[in-house]
Visitor: 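Before I ask anything, here is the structure I am working with.
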Amino acid sequence: MLAPLPFLPINVSEQEKKAHYQDVYNALQSLCEGETDEIAVMATIVSELHNRMPGFDWTGFYRVSGYRHLKIGPYQGGHGCLNIPFERGVCGRAASDRSTQIVRDVNKLPYHIACSASTQSEIVVPILDQHNNLHGVLDIDSDQLSHFSSIDQLWLEKIVALLKPCY
Ligand code: SME
């Protein structure tokens with residue numbers, strides 16, 4: 001059983017945030033070692049991120065289900081919309097472009113889908129396997145404006161890559 005990681009306060013230095021992400025990543029590597037079930041790894045990633053990272057108001061996966069369509073997967077936070085076509089939302093944009101989307105203020109983004117009125121900023125990371133096939137996205141909403149930066153992108157892409165053995 002891993003010792004619980006300390007919860008990070010909301011306003012920390014970039015150095016502290018990097019060190020905390022490293023701890024979370026190390027814990028997830030250990031927890032998911034040898035696991036090839038997609039849902040089990042997704043549920044573990046969501047649990048650790050949602051309970052260890054400050055300002056993560058909604059943390060969850062959407063999986064590719066059918067042609068250019070996303071279906072909700074494991075998540076934590078208030079209920080999220082169950083289905084998102086690639087043509088809609090920040091999740092759909094991340095899936096269509098196969099690139100990470102960072103939204104500093106969702107209120108200024110006309111195509112943002114608001115599952116909660118408390119959401120102020122968002123990051124969405126595509127799940128790509130070793131053959132660059134898309135399997136879904138990791139969606140994280142924050143109730144803080146401009147909560148996500150290139151540090152979050154770097155580490156969340158590393159964490160999402162822990163799913164590669166599942167595909
Ligand atoms: N905000 C997302 C939709 C998912 S709910 O936030 C959980 C989007 O615009 O795609």
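FYI, side chains are in, hydrogens and waters are out, and symmetry mates aren't considered; it's all heavy atoms of this structure. Predicted model, so just to flag it, every value in this text is computed and none were measured. Order of appearance sets the numbers: ligands from 1, and atoms from 1 within every ligand.
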Visitor: Looking only at protein heavy atoms, identify the closest one to atom 1 (N) of ligand 1 and say how far it is in Å.
Guide: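 It is Ile113 O, 2.8 Å.
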Visitor: Between Ser116, Ser118, Ser142, which is the residue that forms a side-chain hydrogen bond (donor to acceptor under 3.5 Å, both in side chains) with Asp57?
Guide: Ser118
Visitor: Checking side-chain hydrogen bond (donor to acceptor under 3.5 Å, both in side chains) between Glu122 and each of His147, His112, Arg104, which is the one that passes?
Guide: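 By the side-chain hydrogen bond (donor to acceptor under 3.5 Å, both in side chains) criterion, Glu122 pairs with just one of His147, His112, Arg104: His112.
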Visitor: Could you walk me through whether Ser99 and Arg93 pass the side chain to side chain contact (heavy atoms under 4.5 Å, CB included) test, one step at a time?
Guide: CA-CA 8 Å; Ser99 65; Arg93 183 62 59 91; over 6 Å; no
Visitor: So which protein heavy atom does atom 6 (O) of ligand 1 come closest to, and at what separation?
Guide: Asp141 OD2, 2.9 Å
Visitor: Show your reasoning for whether side chain to side chain contact (heavy atoms under 4.5 Å, CB included) applies to Ile123 and Gln101.
Guide: CA-CA 6 Å; Ile123 186 168; Gln101 307 291 310; over 6 Å; no
Visitor: If you count the atoms of ligand 1 from 1 in the order shown, which ones are under 4.0 Å from a heavy atom of Trp58?
Guide: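 Atoms satisfying the 4.0 Å criterion: 7 (C).
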Visitor: Consider every N or O of Ala114 and every N or O of ligand 1, then say whether any pair is closer than 3.5 Å.
Guide: no
Visitor: Does the side chain of Ile39 come within less than 4.5 Å of Phe61's, by heavy atoms?
Guide: no
Visitor: What closest approach, in Å, do Phe56 and Leu49 show between heavy atoms, and which atom pair accounts for it?
Guide: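 Distance-wise, the nearest heavy atoms are CD2-O, 3.8 Å.
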Visitor: Is Tyr75 touching ligand 1 with its side chain, its backbone, both, or neither, if touching means heavy atoms under 4.0 Å apart?
Guide: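 For Tyr75, there is no contact with ligand 1 at all, from either part.
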Visitor: Which residue owns the protein heavy atom closest to atom 10 (O) of ligand 1, what's the atom, and how far is it?
Guide: Cys91 N, 2.8 Å
Visitor: Can you find a side-chain donor-acceptor pair between Gln144 and Ser146 that sits under 3.5 Å?
Guide: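 Note: Gln144 and Ser146 side chains miss the donor-acceptor criterion.
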Visitor: Below a 4.0 angstrom heavy-atom separation, can you tell me which part of Val124, side chain or backbone, both or neither, approaches ligand 1?
Guide: neither
Visitor: Hey, mind stepping through Lys17 and Asp152 against salt bridge (Lys or Arg N to Asp or Glu O under 4.0 Å) and telling me if it holds?
Guide: CA-CA 9 Å; Lys17 195 172 193 180; Asp152 299 281; 2.8 Å; yes
Visitor: Which residue and non-hydrogen atom of the protein lie closest to atom 5 (S) of ligand 1, and at what distance in Å?
Guide: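 The protein heavy atom lying closest is Cys115 SG, 2.5 Å.
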Visitor: Using a 4.0 Å heavy-atom cut-off, which part of Val106 comes near ligand 1: side chain, backbone, both, or neither?
Guide: neither
Visitor: Where is the nearest protein heavy atom to atom 8 (C) of ligand 1: which residue, which atom, and how far?
Guide: Val90 N, 3.3 Å
Visitor: If the cut-off is 4.0 Å to any non-hydrogen atom of Asp139, which atoms of ligand 1 fall inside it?
Guide: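 With Asp139 as reference, the close atoms of ligand 1 come out as 2 (C), 4 (C), 5 (S), 6 (O), 7 (C).
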Visitor: Do you know which two heavy atoms are closest between Tyr62 and Cys91, and how far apart they sit?
Guide: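 Smallest interatomic distance, heavy atoms only, reads CD1-SG, 4.1 Å.
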Visitor: Output yes when the distance from some N or O of ligand 1 to some N or O of Glu122 is under 3.5 Å, and no in every other case.
Guide: yes
Visitor: Between ligand 1 and Ile84, is the shortest N or O to N or O distance under 3.5 Å?
Guide: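 No - when backbone and side-chain N and O of Ile84 are compared with those of ligand 1, no distance drops under 3.5 Å.
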Visitor: Quick one: which ligand 1 atoms are inside 4.0 Å of a heavy atom on His112?
Guide: 1 (N), 9 (O)
